[in-house]
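One structure below.
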Amino acid sequence: MRILLTGAAGFIGTHIARQARARGHEVVGLDAYLPAAHGPDVAPDPAIARRDLRTDDVDDLLVGIDVVCHQAAMVGNGVDAQDLPAYAEHNDAGSARLLAAMARTGVADLVMASSMVVYGDGRYTCPVDGDVPPAVREDADLHDGRFEPRCPRCHGDITWREIGEDTPFLPRTSYAASKVAQEHYASAWCTLQTARAIALRYHNVYGPGMPADTPYSGVAAIFRSAIARGEAPRVFEDGQQVRDFVHVTDVAHANVLAIEQVAEHPAGLTAYNVASGRTFTIGEMAATLARAAGGDAPVLTGDHRRFDVRHVVASPAAATAGLGFTAQIAPEVGLARLASDPLRTR
């Protein structure tokens, strides 16, 4: 197959390209080389077309393409309202222009990077009110060290539960809102073009080549960088926030499987959670990294941010059934390796 891969020079894109080529596919790479992601002095790979989806025409790159794998995005939290325009311009307008170009050139299959952030804080079970979204955490609770959200109806205790792809969207940051919008644009494009799209909702991706000191750095890279400086990882709240950490090689494999199977899917957008299926707390993750690196034990700071997601864990069962995807690298193994994996620095 001939694949147009956007974000080809990025953390996940480079792994996708490597695996796709190993399976005999031809990859045409595209990347905007944004300074926030790659640094101001990066030397672009001449084999990757330098195009910005917000402003540049990509019709010529789409000629002869069988499927587009769309990884290009402005990532990070986007926790300030002033970030909203940048996320909308990069992620939503850029994706919309890519979809319009695909319609012009007759490319009808898309695999796109989405994220578990579309779910916000997931879903919980209340012993009184049943299945509920969490109430927004109150400043008074957070200051008192009560980090668990409450029921939005009775204000009592609730317990997190694993969620599926049918969970309603509940974005809490600019980045999350942009990912929801990307899925909606792709779904509309599918309807207008009788086309097919697979949205892969990544959980917390980590592994070799992840950014170490850019705005795109995830919490695992932040902790790893602190350990490398001889500092103990500083963990917000009580460290009991539950996540799913999925290795980048597994994420790349999910993309290649989706690329190979999207044409067999029905018209419309199909979403799959891409996760390891193994829960880890933020505190456990920091401790695993610290032990593997021989560093100091993590420090629980009690610091908090009202917009932070407390728990979000999604089931990977649909991806197993629909794509044949099962993560191969357990978090306790991959996170220990991360202590010595090379990271990308600016």
Side-chain angles (χ1 to χ4, degrees), residues 1 3 5-7 10-13 15-20 22-23 25 67-71 73 75 109-120 122-123 160-171 176 179-180 182-184 186-187 190 195-207 218 220 242-280 309 311-335:
M1 299 177 72
I3 304 159
L5 174 62
T6 74
F11 168 43
I12 296 173
H15 285 269
I16 295 171
R18 188 177 303 120
Q19 289 196 25
R23 290 169 73 104
H25 301 300
V67 57
V68 171
C69 184
H70 182 34
Q71 304 296 313
V75 298
D109 290 321
L110 170 72
V111 174
M112 61 178 288
S114 187
S115 172
M116 56 86 180
V117 298
V118 299
Y119 302 124
R123 302 290 288 195
W160 69 267
R161 68 173 181 82
E162 193 177 68
I163 55 178
E165 287 81 357
D166 59 348
T167 301
F169 292 148
L170 193 65
K179 282 296 171 184
V180 171
Q182 280 185 302
E183 288 202 28
H184 285 325
S187 181
C190 286
R196 295 163 292 272
I198 292 177
L200 299 177
R201 295 174 182 165
Y202 305 156
H203 279 246
N204 295 267
V205 187
Y206 70 96
V242 179
R243 298 288 190 273
D244 185 303
F245 294 93
V246 58
H247 199 271
V248 66
T249 58
D250 284 323
V251 172
H253 184 53
N255 273 275
V256 174
L257 290 174
I259 286 165
E260 293 173 345
Q261 298 177 58
V262 62
E264 301 167 12
H265 278 60
L269 183 141
T270 305
Y272 293 111
N273 295 318
V274 176
S276 73
R278 302 277 294 275
T279 58
F280 244 60
V309 168
H311 308 298
V312 59
V313 177
S315 169
T320 300
L323 296 175
F325 169 75
T326 302
Q328 299 300 305
I329 300 179
E332 59 268 25
V333 174
L335 288 168

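Count residues from 1 along the sequence.
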Distance from [X] atom [atom1] to [Y] atom [atom2], nearest 0.5 Å?
X      : Y      : atom1 : atom2 : value
Asn255 : Asp250 : CG    : CG    : 11.5 Å
Ile163 : Arg201 : CD1   : CZ    : 9.0 Å
Ile259 : Ile3   : CD1   : CD1   : 4.0 Å
Met116 : Thr167 : CE    : OG1   : 13.5 Å
Tyr119 : His203 : OH    : NE2   : 6.5 Å
Ser276 : Arg243 : OG    : CZ    : 13.5 Å

Note to self: So, using side-chain hydrogen bond (donor to acceptor under 3.5 Å, both in side chains) as the criterion, who are the partners of His184 when residues are at least two apart?
What the structure shows: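 Checked His184 against side-chain hydrogen bond (donor to acceptor under 3.5 Å, both in side chains); zero matches.
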Note to self: Suppose we screen for side-chain hydrogen bond (donor to acceptor under 3.5 Å, both in side chains). Which residues come up paired with Glu165, at least two apart in sequence or across chains?
What the structure shows: Asn273
Return the orientation label for the [X] and [Y] ring planes: parallel under 30°, perpendicular over 60°, tilted otherwise.
X      : Y      : value
Trp160 : His311 : tilted
His247 : Tyr206 : perpendicular
His253 : Phe325 : tilted

Note to self: Under the side-chain contact (heavy atoms from CB on, under 4.5 Å) test against Val205, which residue among Val75, Val274, Val251 passes?
What the structure shows: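 So, applying the side-chain contact (heavy atoms from CB on, under 4.5 Å) to Val205 and each of Val75, Val274, Val251, only Val251 qualifies.
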Would you find a donor on one side and an acceptor on the other, under 3.5 Å apart, between the side chain of [X] and the backbone of [Y]?
X      : Y      : result
Asp244 : Thr279 : no
Lys179 : Ala113 : yes
Gln328 : Thr326 : yes
Gln261 : Leu323 : yes
Gln182 : Ser114 : no

If every non-hydrogen atom of [X] is compared with every non-hydrogen atom of [Y], which pair is closest and at what distance?
X      : Y      : answer
Cys190 : Arg196 : SG-C, 3.9 Å
Gly13  : Leu5   : O-CD2, 3.4 Å
Ala186 : Leu110 : CB-CD2, 4.1 Å
Gly322 : His265 : O-CE1, 4.0 Å
Ala314 : Glu162 : C-CG, 3.8 Å
Ser187 : Leu269 : N-CD1, 4.0 Å

Note to self: Does any part of the side chain of Leu200, heavy atoms only, come nearer than 4.5 Å to the side chain of Val111, both counted from C-beta?
What the structure shows: yes
Notebook entry, point to check: Between His15 and Val256, does a side-chain contact (heavy atoms from CB on, under 4.5 Å) hold up when you go through it step by step?
Noted result: CA-CA 10 Å; His15 285 269; Val256 174; over 6 Å; no
Next item on the list: Show your reasoning for whether side-chain contact (heavy atoms from CB on, under 4.5 Å) applies to Leu335 and Phe280.
Entry: CA-CA 11 Å; Leu335 288 168; Phe280 244 60; 3.8 Å; yes
